[in-house]
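For reference, the structure discussed in these notes is given below.
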Amino acid sequence: MSRVTILDYGVGNLRSVARAIEVAGGEPVLAETAFVARSADRLLIPGVGAFQSCVDGMRSHGFDDVAREIVAAGRPVLGICVGMQMLFEASEEFGEHAGLGLLPGRVRAIPRQDDDGTRRKVPHIGWSRLLAPATARGDTGTLLEGHVGHADVYFVHSFAADPAEPGDRLADALYAGARISAAVARGNLTGVQFHPEKSGPSGLAMIRRFLDF
């Protein structure tokens with residue numbers, strides 16, 4: 001049975017993520033210490049709430065260094081929601097805050113109005129379709145294989161990553177006219193802005209693929 005180590009740094013409810021891994025046929029392991037996390041075959045970085053509080057929680061547990069070590073070792077790593085945002089260099093949420101720096105780019109607020117002045121409701125809460133990014137890198141061999149352009153997934157967020165390297169964009173989504181980076185991938189590292197554990201059969205299929213990485 002494939003094991004997934006979930007970083008438990010005191011932010012958010014991890015039960016739904018752990019349960020989804022079980023339903024997908026995997027074994028979730030909650031890691032509260034860097035010692036436990038370092039032995040991960042596959043690492044999942046969750047995140048709920050404000051960017052800075054999540055980063056502070058990661059650093060206080062030594063998980064920031066662990067994440068870098070596991071990525072460098074070539075083992076699969078998945079960041080979900082703020083867990084995806086923390087993969088980047090910085091966030092503009094409530095000021096300027098440094099991220100883990102595993103991917104180049106910044107986290108920016110979803111614009112509250114469109115170019116024509118139409119107001120946009122923020123946060124983005126609900127289901128949106130995964131779309132191919134302008135780079136059209138394709139989803140073959142990734143967590144999202146077969147889902148880009150077809151699957152609707154569940155989002156809850158007010159900020160979104162803006163990757164500096166177009167090739168890191170795996171999927172986008174449209175929210176009230178705004179194009180949002182929905183997923184990124186580079187090598188063994190994947191981040192999804194949406195919640196696969198709340199995205200029905202499509203989300204479970206993505207988690208099953210992560211178990212096979």
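When reading the values below, keep in mind they use all heavy atoms of this one structure, side chains included, and skip hydrogens, waters and symmetry mates.
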Shortest non-hydrogen contact between [X] and [Y], atoms and distance:
X      : Y      : answer
Met84  : Ala161 : CE-CB, 3.8 Å
Ala183 : Val192 : CB-CG1, 4.0 Å
Ala134 : Arg179 : N-NH2, 4.5 Å
Phe63  : Ala37  : CE2-CB, 4.0 Å
Val184 : Pro163 : CG1-CG, 3.8 Å
Pro133 : Leu170 : CD-O, 3.5 Å

Under a 3.5 Å distance rule, please check whether [X] uses its side chain to pair with a backbone N or O of [Y] as donor and acceptor.
X      : Y      : result
Thr33  : Val36  : yes
Tyr9   : Asp56  : no
Arg209 : Thr142 : yes
His97  : Glu93  : yes
Glu89  : Gly105 : yes
His157 : Phe159 : yes

With the side chain counted from C-beta on, respond yes when [X] and [Y] share a heavy-atom pair under 4.5 Å apart, and no when they do not.
X      : Y      : result
Val153 : His147 : no
Met58  : Leu7   : yes
Cys54  : Gln85  : no
Pro104 : Arg186 : yes
Arg129 : Leu131 : yes
Val4   : Leu78  : no

May I have the list of side-chain donor-acceptor pairs in residues 42-51 shorter than 3.5 Å, sequence neighbours left out?
from	atom 1	to	atom 2	distance (Å)
Arg42	NE	Phe210	O	3.2
Arg42	NE	Leu211	O	3.1
Arg42	NE	Phe213	O	3.4
Arg42	NH1	Arg3	O	3.4
Arg42	NH2	Leu211	O	2.9
Arg42	NH2	Phe213	O	3.2

message: Tell me whether Asp64 is salt-bridged to Arg68, with the criterion being a basic N under 4.0 Å from an acidic carboxylate O.
response: yes

- request: Identify whether the distance between the nearest side-chain nitrogen and carboxylate oxygen of Asp162 and Arg106 falls below 4.0 Å.
  value: no

Let me confirm one number: the [atom1]-[atom2] distance from [X] to [Y], rounded to the nearest 0.5 Å.
X      : Y      : atom1 : atom2 : result
Ile207 : Ile80  : CD1   : CD1   : 6.0 Å
Asp152 : Phe194 : CG    : CZ    : 11.0 Å
Arg75  : Ile70  : CZ    : CD1   : 4.5 Å
Leu102 : Leu189 : CG    : CG    : 6.0 Å
Leu144 : Ser202 : CG    : OG    : 9.5 Å
Gln193 : Cys81  : CD    : SG    : 5.0 Å

Hydrophobic cluster membership, with links at side-chain heavy-atom distances under 4.5 Å among I/L/V/M/F/W/Y: are [X] and [Y] in one?
X      : Y      : result
Val71  : Val55  : yes
Leu30  : Val17  : yes
Trp127 : Val156 : yes
Leu103 : Leu100 : yes

- prompt: Stepwise, does the side chain to side chain contact (heavy atoms under 4.5 Å, CB included) test hold for Tyr154 with Ile125?
  reply: CA-CA 8 Å; Tyr154 189 77; Ile125 300 176; 3.6 Å; yes

message: Among residues at least two apart in sequence or on other chains, which ones pass salt bridge (charged side-chain N to carboxylate O under 4.0 Å, His left out) with Arg19?
response: Glu22

task: Return the orientation label for the Tyr175 and His124 ring planes: parallel under 30°, perpendicular over 60°, tilted otherwise.
output: parallel

